[in-house]
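Some notes on the structure that comes next.
Just so it is clear, the values below take in all heavy atoms, side chains as well, and ignore hydrogens, waters and symmetry mates. The chains referred to below are lettered A, B, ... by the order of the sequence lines, with proteins before strands, and numbering in each begins at 1.
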2 protein chains.
Amino acid sequence: MDVRTLCLGALMGGEATGYEIRKMFEDGPFSHFQIASLGSIYPALTKLTQDGLVTFVEHEQENRPDKKIYRLTSDGRQKFIRTLLQNRPAEDRYRSDILFTLTFAEELPIELTEALIDEFAVRYETMNNLIDPNNPDKEDCASGPGRDDDGNIKPGCKFVAGLGQAMCDATVKFIKDNKQDLIKDLKAFKSKKS
Amino acid sequence: MDVRTLCLGALMGGEATGYEIRKMFEDGPFSHFQIASLGSIYPALTKLTQDGLVTFVEHEQENRPDKKIYRLTSDGRQKFIRTLLQNRPAEDRYRSDILFTLTFAEELPIELTEALIDEFAVRYETMNNLIDPNNPDKEDCASGPGRDDDGNIKPGCKFVAGLGQAMCDATVKFIKDNKQDLIKDLKAFKSKKS
DNA sequence: GTGTCATATATCGAACTGATATAGTCAATA
DNA sequence: TATTGACTATATCAGTTCGATATATGACAC
């Protein structure tokens with residue numbers, strides 16, 4: 001999905017600045033399953049404005065660029081919904097430097113392998129906490145785009161959050177159950193090669 | 001991780017053509033946790049050759065470009081291992097058009113939501129089968145880069161495959177357990193909005 | 001006082017992707 | 001028998017994306 005469509009989606013929850021849209025993708029509600037960087041968000045907002053899909057209001061600020069608050073136009077909202085309805089979603093895409101590195105575990109010091117696996121587990125436990133809709137520390141709280149007017153998480157977001165947590169739980173559990181066997185097998189593998 | 005490093009990794013398992021390296025990333029052993037496209041693989045191989053990290057042998061072919069079989073140099077192998085040892089691995093990056101779309105489920109026909117969830121489940125069941133090291137249909141068989149000289153899967157690859165399968169199992173199980181509740185909640189949500 | 005983070009706008013060089021080009025062989029289907 | 005799609009090979013390119021950078025303050029921790 002291109003960044004213009006992602007920005008339209010980000011504005012479905014209400015008005016936002018470019019900076020706030022970036023935060024939705026880098027730290028907030030979309031950060032676990034989509035990616036959009038400042039380098040493409042600002043050009044996308046400019047293009048969407050030119051195409052009449054969003055508008056913005058500017059607020060003067062002292063000592064800072066004027067704040068631009070973007071919102072969807074009627075056309076923009078319709079375009080977004082039409083895009084979701086009509087386009088077959090692309091395959092998921094996943095990149096993991098740690099998993100790639102672990103496929104070469106036999107060539108690496110066992111200490112590094114252990115450290116990588118521990119780092120991987122920590123990242124997924126952290127993600128689990130960040131996804132938890134009942135976590136008071138999370139960015140996406142009562143007024144986030146995934147909530148309805150009463151502050152309740154919307155069904156779609158709840159489902160996606162639950163799925164994310166199930167994946168994180170499975171990851172952490174697998175590591176807990178299998179890490180020692182891997183270390184053992186690596187030691188056996190290396191003594192066989194000597 | 002940049003594509004030159006990924007290509008070095010691909011050649012750790014032995015010599016390969018550019019086309020075979022593409023297949024490792026698009027259909028084969030690395031396809032579930034790294035991405036490298038033809039558009040960057042060939043330029044990367046050219047650069048690595050210029051840098052003395054790989055060499056190639058050319059075999060003439062009729063009616064086709066000459067086949068270039070690449071292999072790591074000693075420098076290339078050392079560079080790859082050094083890169084794994086010294087660089088802190090980047091955060092995992094995950095993109096899912098289906099999960100992004102599902103966060104807007106309240107705006108979509110329930111039939112589409114069901115179709116997307118079913119498609120998601122099918123993709124992950126398929127992935128589970130492709131990852132399975134004991135699956136005879138999978139591309140990466142007895143002579144793939146994840147195997148030792150006896151055809152046994154290497155411990156690192158076994159661990160990564162197991163982790164991938166755990167994630168797939170959790171995904172499919174979560175969908176089986178939670179899909180109907182989501183559908184029910186969406187129907188309630190929509191009748192509340194009417 | 002210094003360093004980091006947050007809040008704001010935006011640009012740009014480098015990297016990457018998907019499509020395209022070329023051109024056959026092979027298997028499945030109508 | 002003809003057509004279509006997949007596979008095997010090399011490579012390039014236009015468009016997209018990202019991370020770093022620029023600018024400049026305020027708030028907070030050390």
Scan residues 69-87 of chain B for pairs that pass salt bridge (Lys or Arg N to Asp or Glu O under 4.0 Å), counting only residues two or more places apart or in two chains. E107(A)-R77(B), E15(B)-R71(B)
Sequence neighbours excluded, the answer for ring pair (Phe, Tyr, Trp, His ring centres under 6.0 Å) partners of Y94(B) is none
Rounded to the nearest Å, what distance is computed from the CD atom of residue E62(A) to the P atom of nucleotide dA27(D)? 13 Å
With a strict under 4.0 Å distance from non-hydrogen atoms of chain B, what nucleotide opens and what nucleotide closes the contacted stretch of DNA chain C, reading 5' to 3'? dC16(C) to dG24(C)
Can you check the I41(A) CD1 to dT16(D) P distance for me, whole Å? 16 Å
Counting only non-hydrogen atoms, which of residues 81-91 of chain A are less than 4.0 Å from DNA chain C? none
Besides I69(A), the hydrophobic cluster formed by Ile, Leu, Val, Met, Phe, Trp and Tyr side chains linked at under 4.5 Å, directly or via other members, contains none
Just do the side-chain hydrogen bond (donor to acceptor under 3.5 Å, both in side chains) check on D2(A) and T5(A) with the steps written out, would you? CA-CA 6 Å; D2(A) 66 320; T5(A) 304; 2.6 Å; yes
Which atom pairs, one a donor and one an acceptor, fall under 3.5 Å between side chains of residues 174-187 of chain A and the rest of the protein, sequence neighbours left out?
residue	atom	partner	partner atom	Å
D177(A)	OD2	K173(A)	NZ	2.7
N178(A)	ND2	F174(A)	O	2.9
K179(A)	NZ	D118(A)	OD1	3.0

Considering only heavy atoms from C-beta outward, does the side chain of L99(B) approach that of T103(B) to under 4.5 Å? no
What integer distance in Å separates I35(B):CD1 from dC18(D):P? 12 Å
If a pair satisfies side chain to side chain donor-acceptor pair (under 3.5 Å) and one of its residues is in residues 40-61 of chain A, list it, with sequence neighbours excluded. K47(A)-D51(A)
Under the rule for side-chain hydrogen bond (donor to acceptor under 3.5 Å, both in side chains), what residues qualify as partners of S191(B), not counting sequence neighbours? none
Would V172(A) and N128(A) count as a side chain to side chain contact (heavy atoms under 4.5 Å, CB included) if you check the C-alpha gap in whole Å, the side-chain angles of each, and the deciding distance to 0.1 Å? CA-CA 10 Å; V172(A) 171; N128(A) 208 355; 5.8 Å; no
Show each protein N/O and nucleotides 7-12 of chain D N/O combination with a separation under 3.5 Å, one pair to a line.
residue	atom	partner	partner atom	Å
dT8(D)	OP2	Y19(B)	OH	3.2
dT8(D)	O3'	R64(B)	NH1	3.4
dT8(D)	O2	R64(B)	NE	3.2
dT8(D)	O2	R64(B)	NH2	3.4
dA9(D)	OP1	K67(B)	NZ	2.8
dT10(D)	OP1	K68(B)	N	3.3
dT10(D)	OP1	K68(B)	O	3.1
dT10(D)	OP2	Y19(B)	N	2.9
dT10(D)	OP2	Y42(B)	OH	2.5
dT10(D)	O5'	Y42(B)	OH	3.4
dA11(D)	OP1	K68(B)	NZ	2.2

Not counting sequence neighbours, list each pair that qualifies as a ring-ring contact (aromatic ring centres under 6.0 Å, His included) and has a residue in residues 107-133 of chain A. F120(A)-Y124(A)
Report the distance from atom CG of L108(B) to atom CG of L116(B), rounding to the nearest 0.5 Å. 7.5 Å
Is the shortest side-chain N/O distance from R93(B) to OP1 or OP2 of dG19(D) below 4.0 Å? yes
For the helix from dG1(C)-dC30(D) to dA30(C)-dT1(D), what angle separates the axis at the start from the axis at the finish, each from five pairs, in steps of 10°? 50°
Apply the test side chain to side chain contact (heavy atoms under 4.5 Å, CB included) to residues I21(B) and L11(B): give CA-CA distance (whole Å), side-chain angles for both, the deciding distance (0.1 Å), then the verdict. CA-CA 8 Å; I21(B) 292 172; L11(B) 291 168; 4.0 Å; yes
Interatomic distance, D2(A) CG vs dG15(D) C1' [rounded to whole Å]: 12 Å
Mind checking what makes salt bridge (charged side-chain N to carboxylate O under 4.0 Å, His left out) contact with R123(B), not counting sequence neighbours? E91(A), E119(B)
